[in-house]
Peer 1: 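Following this message is one structure expressed as structure tokens.
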Amino acid sequence: FYHMDLYGSKERFDIFPEELSGRGDRSLGDMRSESALSSEKVQRPQEVCYDLEEEVAELAKMYGLDEDREKELELLGGHLEKVESRWPPARTEKAGSQGSLYNTSKSSSSVKHPSQSTKQQGLPDEAFLGENQSKARTDDEAESNIWSRGGLSSGGMSDEWNSQAVSEEEEEEEEETADVFCSTCKIPIRAFDKLFGEHKDHEVAQLPNAVESEKEEIHKNMCKLEEQIAQMENVASHLEEIFITVEENFGRQEQNFEVHYDDAVQVLAQKYEEQLEALGEEKRQKLEALYEQLVSCGKHLDTCKELTDETQELFLENDKAEFMKVKSFNYIIFFPYNYRLEEFLKKEVDLELSTLPDFEERVIDVSEVEQLMNSINAIPAPCAPVINPQAPNAATGTSLRVCWGLFSDDTVEYYQLCYKPVSNEMHSGEHAEQTLKVKETYCTITDLLPNTQYEFWVSALNASGISPPSERAVYVTAPSPPTIKNKKIRSCENAALVCWESRDMNPVDSYTVELSKLTEEENDDIITESIVGIPNCEVLIHLQPTQKYQVCVRAQNLGGSSERSEPVLIHTTGTCFYLNEDTAHPLLAILDDGFTISCDELENPECDLPVYDNSFTRCIAILGSLIPFPGKHYWEVEVEEDTEYRTGVAFENTPRHGYLGANNSSWCMRHIITPSRHKYEFLHSGMTPDIRITVPPRRIGILLDYENCRLSFFNADTAQHLHTFNSHFQHYVHPCFALETPGILRIHTGITTPPWTAL
């Protein structure tokens, strides 16, 4: 084999005969015969005068890619792949085992057996080769030979070209084909790999969906991270507070220690002064006693010395006779001296010390100091806490939040909160006191009664004891939700009167009515209007016509607002009212729908039935709710042809023992059946105009017009006007209905005023 450097440059080819340099254009048959003739000689590779760069430029120009360098590199990578695919598998494996795509053994085999390489490429024999053969196939063969030589001559450059082309191809392939995401492997893949590749059994998703899902996961993780950050910030803030608290406690303890130390030093100094003063007093007393004894001893010595001198003088006399003479002569004189000496000798001399030199052992009483020192770490009992007054809107119907504080820097282990309901009765012992242990300076008490006053007081405790209780404070819970009276609600096209009742025993401060306008598209209860500060249990609300409203009521007191009541619906399509059961005659019954009245018997209308204060006793009648709205109001009454009845309006004070229309406080239409015809009367104060109605109405329309002082009756089925009362209504009126024979009347409310009612 020839060394690969023999093919590294054009100058190296000069070692071969010149006649071989022009054989690149020969036919493959000539090359094969030439190879057979020179079998004894060392076979030499063909030299093809071929420029790879030129070929690439021509191909790029052919495909319109001459100005795109990146496409040229792609084309080179494709050529390399094509050339590599044309080598036999055995040689390719051999080349791969030696660590290079185009190594020396591969190049030498191609040099020794060009005809074999040509056959393996699937080329035709000499008979089929010529000028008319495909130029592309010849060019591919020449390009293969030249590229193999280039690989032999410059292996480093070839490897660089290969790696660059393959890497660019892989990158381009990944960029172009990664259109799905493998959820199992967590990588983007090609759709082809999902169908036929190693990801066939894996779960995949569309790449945009995977990206969105990943973004959502990232967002969730970011939210969790933010929560953790917030928690850590809270912990850090809490640690800072604890740090500050430790510093404050240390300062207080240090100050307490200094105070106790100063007190102890002061007590010790006082004890020292007292003991020193006592010791000095004892010293003075000892010295005075010793001094007195010393003076007495000196006097005694002087007397002894004087007596001794006199005695010696007497004894020194030489003349005994004279001594005796003197003695006898001086007996009288000597006798006093001798007496004096005898008397002096008779006196006892105190030779003991009047005081001892030792001092009394004095022990300083340090019990007080020990008590002070022991009290350095002792915590005093706390002072009485101060309970705060109730904050507005800080309570619910069943709970209260109570707060308190300390004016001093006392150390408190926990608080003892006591409470009980406030009772106005004399015997309030029925309400037992409740006690809670609380660590903080606030507490929320639950399970309480709505709209009820509670009395609270608190004490502080520590290891030293319990503080005095605080002053008592009265808190009140929020009220219960009111109950709206559905049958007391009245409405018209532009207003509504809403009534409710409180569920609490104690009175409340005020009420709030909340309105929500509902639409067909969305029935959300968004509060559109609120009426606050209502002192009573009813309110007149101005509304918009042909709308649907949801109404709720809240009760208010110092503690806060109650929950919302059960909502009611109000339609402003027409006038709505209910029947007042308190005014019904005992024989009159109201059916379940609340708008149908019936009477089954009329044998004895004045029988002994229970009579109520506001019910009719003579006329089998009933009043509807008061219509307290100005303007026009319309409703209809459905009747049966064979039923005798009365219908109209009446004042609140219309006599209950009379008939409707028989007085000046009621206006009504009456239907009676005579043997000859149906008779209709329009009664007020017992008088009626002479009106004949040929078509008996089955549905009577009633129009009340406060502004024009009119009450009109219509045949609603035929839109026929029957009669109109022109009367000035001094007060608001009630609809009224009565039966004179067994039958039923059906009242229809909430009806839009028909246009044919305009007179």
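Residues: numbered from 1 along the sequence shown. Just so you know, these numbers come straight off a predicted model, no measurement behind them.
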Peer 1: May I ask you to check whether over 12 heavy atoms, not counting those of E413, lie within 6.0 Å of atom CD?
Peer 2: yes
Peer 1: Answer yes or no on whether R401 is positioned over the face of Y442, meaning its NZ or CZ is under 6.0 Å from the six-membered ring centre and within 45° of the axis.
Peer 2: yes
Peer 1: Is it true that a side-chain atom of R646 and a backbone atom of L660 form a donor plus acceptor pair closer than 3.5 Å?
Peer 2: yes
Peer 1: Given the side-chain rings of F629 and Y732, with only the six-membered ring counted for Trp, is the space between their centroids under 6.0 Å?
Peer 2: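 No, the ring centres sit 6.0 Å or more apart.
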Peer 1: What is the minimum heavy-atom distance between P382 and P468, and which atoms define it?
Peer 2: O-CD, 4.1 Å
Peer 1: Okay, side chain of N494, backbone of Q544: is any donor-acceptor separation there less than 3.5 Å?
Peer 2: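 No: the side chain of N494 does not pair with the backbone of Q544.
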Peer 1: Restricting to non-hydrogen atoms, name the atom on N557 and the atom on A478 that form the minimum distance, rounded to 0.1 Å.
Peer 2: OD1-CA, 3.7 Å
Peer 1: Ignoring hydrogens, what is the shortest heavy-atom contact between T444 and S399? Give both atom names and the distance.
Peer 2: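 Answer, listing the atom of T444 first, then S399: CG2-CB, 4.4 Å.
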Peer 1: Apply the test side-chain contact (heavy atoms from CB on, under 4.5 Å) to residues K224 and E226: give CA-CA distance (whole Å), side-chain angles for both, the deciding distance (0.1 Å), then the verdict.
Peer 2: CA-CA 5 Å; K224 293 181 181 178; E226 290 177 357; over 6 Å; no
Peer 1: Verify, without hydrogens or angle tests, whether T741 (side chain) and E644 (backbone) share a donor-acceptor contact under 3.5 angstrom.
Peer 2: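 Checking the backbone N and O of E644 against the side chain of T741, a donor-acceptor pair under 3.5 Å is found.
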Peer 1: Is there a donor-acceptor pair under 3.5 Å between the side chain of S491 and the backbone N or O of A496?
Peer 2: no
Peer 1: Hydrogens and angles aside, do T583 and N580 bring a side-chain donor and acceptor to less than 3.5 Å of each other?
Peer 2: no
Peer 1: Are more than 12 heavy atoms, taken from residues, nucleotides or ligands other than E566, located less than 6.0 Å from that residue's CD atom?
Peer 2: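 Result for CD/E566: open.
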Peer 1: Indicate whether the side chain of Q556 and that of S561 have a donor and an acceptor atom separated by less than 3.5 Å.
Peer 2: yes
Peer 1: For F729, is there any backbone N or O sitting under 3.5 Å from a side-chain donor or acceptor partner on S727?
Peer 2: no
Peer 1: Any chance you could measure L461, atom CG, to S467, atom OG, to the nearest 0.5 Å?
Peer 2: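 Those atoms lie 6.5 Å apart.
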Peer 1: With rounding to the nearest 0.5 Å, note down the distance linking CD1 in I620 to CD in E740.
Peer 2: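 One gets 8.5 Å once the value is rounded to the nearest 0.5 Å.
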Peer 1: With a 4.5 Å heavy-atom cut-off, do S562 and S480 have their side chains touching?
Peer 2: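 With C-beta onward as the side chain, the pair stays apart.
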Peer 1: Is it the case that atom CD in E440 sees more than 12 heavy atoms from other parts of the structure closer than 6.0 Å?
Peer 2: yes
Peer 1: For T596 and D593, which I'm curious about, is there any donor-acceptor pair between the side chains at under 3.5 Å?
Peer 2: yes
Peer 1: Starting at CG of L704, measure out to CH2 of W667 and round the result to the nearest 0.5 Å.
Peer 2: 9.5 Å
Peer 1: Evaluate the side-chain contact (heavy atoms from CB on, under 4.5 Å) criterion for residues I691 and Y680: first the C-alpha distance (whole Å), next the side-chain angles of each, then the deciding distance (0.1 Å), finally the verdict.
Peer 2: CA-CA 7 Å; I691 297 176; Y680 293 91; over 6 Å; no
Peer 1: Considering only NZ, NE, NH1 and NH2 on the basic side and carboxylate oxygens on the acidic side, decide whether E681 and K679 come within less than 4.0 Å.
Peer 2: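 K679 and E681: salt-bridged.
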Peer 1: Give a yes or no on this: more than 12 heavy atoms of other residues, nucleotides or ligands lie within 6.0 Å of atom CD of E638.
Peer 2: yes
Peer 1: Determine, stepwise, if the pair W404 / V438 fulfils side-chain contact (heavy atoms from CB on, under 4.5 Å).
Peer 2: CA-CA 11 Å; W404 59 88; V438 185; 4.1 Å; yes
Peer 1: Supply the atom-to-atom distance F577 CZ to I627 CD1, rounded to the nearest 0.5 angstrom.
Peer 2: 5.5 Å
Peer 1: Report the relative orientation of the aromatic rings in F713 and F682; use parallel for angles under 30°, tilted for 30 to 60°, perpendicular for over 60°.
Peer 2: tilted
Peer 1: Where do S625 and P735 come nearest, in terms of heavy atoms and distance?
Peer 2: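 Scanning both residues completely, I find the closest heavy atoms to be O-CD, 3.2 Å.
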Peer 1: Could you tell me whether the side chain of L400 reaches within less than 4.5 Å of the side chain of Q390, counting heavy atoms only?
Peer 2: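 Q390 reaches L400 side chain to side chain.
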Peer 1: Cation-pi between K439 and Y414: NZ/CZ under 6.0 Å from ring centre and within 45° of the ring axis?
Peer 2: no
Peer 1: Judged by atom type as modelled, is there a donor-acceptor pair below 3.5 Å linking the side chain of T572 to the main-chain atoms of Q547?
Peer 2: yes
Peer 1: R554 versus P482: any side-chain heavy-atom pair under 4.5 Å?
Peer 2: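 A side-chain contact under 4.5 Å is absent here.
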Peer 1: Using a 3.5 Å distance criterion without hydrogens, assess whether the side chain of T528 forms a donor-acceptor pair with backbone atoms of L515.
Peer 2: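 Such a contact is found between T528 side chain and L515 backbone.
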Peer 1: Give the ring-plane orientation class for H671 versus H678, where under 30° counts as parallel, over 60° as perpendicular and anything between as tilted.
Peer 2: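 The arrangement is parallel - the two ring planes meet at less than 30°.
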Peer 1: Using 4.0 Å as the upper bound for N to carboxylate O, is an ion pair formed by K517 and E529?
Peer 2: no
Peer 1: With a 4.5 Å limit on heavy-atom distance, are the side chains of S510 and I534 in contact?
Peer 2: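 Sidechains of I534 and S510: no contact.
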Peer 1: Would you list the pairs meeting ring-ring contact (aromatic ring centres under 6.0 Å, His included) in which at least one residue belongs to residues 478-513, sequence neighbours left out?
Peer 2: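 Every pair satisfying ring-ring contact (aromatic ring centres under 6.0 Å, His included) with a residue in residues 478-513: W500-Y511.
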Peer 1: Could you give all pairs that pass the salt bridge (Lys or Arg N to Asp or Glu O under 4.0 Å) test and reach residues 684-697, with sequence neighbours left out?
Peer 2: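 Those involving residues 684-697 do not exist here.
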Peer 1: Counting distance only, does the side-chain N/O of S470 pair as donor-acceptor with the main-chain N or O of V458 below 3.5 Å?
Peer 2: yes
Peer 1: Using the ring pair (Phe, Tyr, Trp, His ring centres under 6.0 Å) rule, pick out the option among H728, H633, H731 that qualifies with Y706.
Peer 2: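 For Y706, the ring pair (Phe, Tyr, Trp, His ring centres under 6.0 Å) test succeeds with only one of H728, H633, H731, which is H633.
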Peer 1: In this structure, which one of F456, W457, Y475 forms a ring pair (Phe, Tyr, Trp, His ring centres under 6.0 Å) with Y419?
Peer 2: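 Single pass found, and it is F456.
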Peer 1: So do V476 and T452 actually touch side chain to side chain, heavy atoms under 4.5 Å?
Peer 2: no
Peer 1: Would you say the side chain of E538 lies within less than 4.5 Å of the side chain of V513, judging by non-hydrogen atoms?
Peer 2: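 V513 vs E538: side chains apart.
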Peer 1: H734 and L626: which non-hydrogen atoms are nearest, and at how many Å?
Peer 2: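 So the minimum-distance heavy-atom pair works out to ND1-N, 3.3 Å.
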Peer 1: Roughly how far apart are I541 CD1 and I570 CD1, rounded to 0.5 Å?
Peer 2: 6.0 Å
Peer 1: Hey, mind stepping through I597 and I744 against side-chain contact (heavy atoms from CB on, under 4.5 Å) and telling me if it holds?
Peer 2: CA-CA 6 Å; I597 60 176; I744 60 174; over 6 Å; no
Peer 1: Given side chains that start at C-beta, do those of V637 and R699 come closer than 4.5 Å, heavy atoms only?
Peer 2: no
Peer 1: Please report the shortest heavy-atom distance between S666 and A662, naming the atom on each side.
Peer 2: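 Taking every non-hydrogen atom into account, OG-N, 4.2 Å.
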Peer 1: Would you say that I700 contacts I702 through its side chain, given a criterion of any heavy-atom pair below 4.5 Å between the two side chains?
Peer 2: yes
Peer 1: Tell me if a side-chain donor or acceptor on T573 pairs with a main-chain N or O of G750 at a distance below 3.5 Å.
Peer 2: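 The answer is yes, because a donor-acceptor pair under 3.5 Å joins these two groups.
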Peer 1: Without swapping roles, check the side chain of R656 against the backbone of T654 for a donor-acceptor pair under 3.5 Å.
Peer 2: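 Pair found, side chain donor or acceptor close to backbone of T654.
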Peer 1: Please report the interatomic distance CG(L711) to NE2(H684), rounded to the nearest 0.5 Å.
Peer 2: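 Result: 10.5 Å between the selected atoms.
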